[in-house]
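Just so you know, residue 1 is the first one in the sequence shown, and it goes up from there.
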Amino acid sequence: MFERVKIAAADNLKLPKDVVLGEGLISFVDRTRVIIDNYRGILIYDDQTVKLQARNCKLQFCGKRLHIEYYNQDEMKISGFIQSMQFGD
């Protein structure tokens, strides 16, 4: 019920639904950088894997020389050679 109210409010106010609903937004820049908005937490982090908790799923980035350039409570930037990305439960 509350979800429908949020969607209706977003439509009426012409706001992006991903922002209002807290949905994850993933932006790739080539294969070397990715910016993730609205993540919830870091589950695994090493130079080959970064696994994050999003609102409704887990996101896993695999590659070489991965590192988190910056993160705050809303956004994160991962750099390195990104070979794959997976969604999980």
Worksheet item: Distance from Y70 atom OH to I35 atom CD1, nearest 0.5 Å?
Response: 4.5 Å
Fill in: R65 side, atom CZ; I82 side, atom CD1 - distance, nearest 0.5 Å
11.5 Å
Item to complete: Mind listing the closest non-hydrogen atom pair of R31 and Q83 along with its distance?
Response: NH2-CA, 3.4 Å
Item to complete: For L66 and T49, work out which heavy atoms get closest and say how close.
Response: CD1-N, 3.9 Å
Please answer: with hydrophobic residues joined when any side-chain heavy atoms are less than 4.5 Å apart, are [X] and [Y] in the same cluster?
X: M76; Y: F28; result: yes
X: F87; Y: I36; result: yes
X: M85; Y: L43; result: no

Worksheet item: Going through the distances and angles, do L52 and I42 end up as a side-chain contact (heavy atoms from CB on, under 4.5 Å)?
Response: CA-CA 5 Å; L52 307 173; I42 301 169; 3.9 Å; yes
Name each donor-acceptor pair under 3.5 Å that joins a side chain in residues 56-63 to protein atoms two or more places apart or in another chain, with its distance.
unit_1	atom_1	unit_2	atom_2	d
K58	NZ	Q53	OE1	3.3
K58	NZ	D89	O	3.1

Response to the item:
Contacts of S79 meeting side chain to side chain contact (heavy atoms under 4.5 Å, CB included) (sequence neighbours excluded), chain-then-number -> R33, H67, E69, K77
Discussion item. Looking at Y45 and I68, would you say the former's side chain and the latter's main chain have a donor-acceptor pair under 3.5 Å?
Written reply: yes
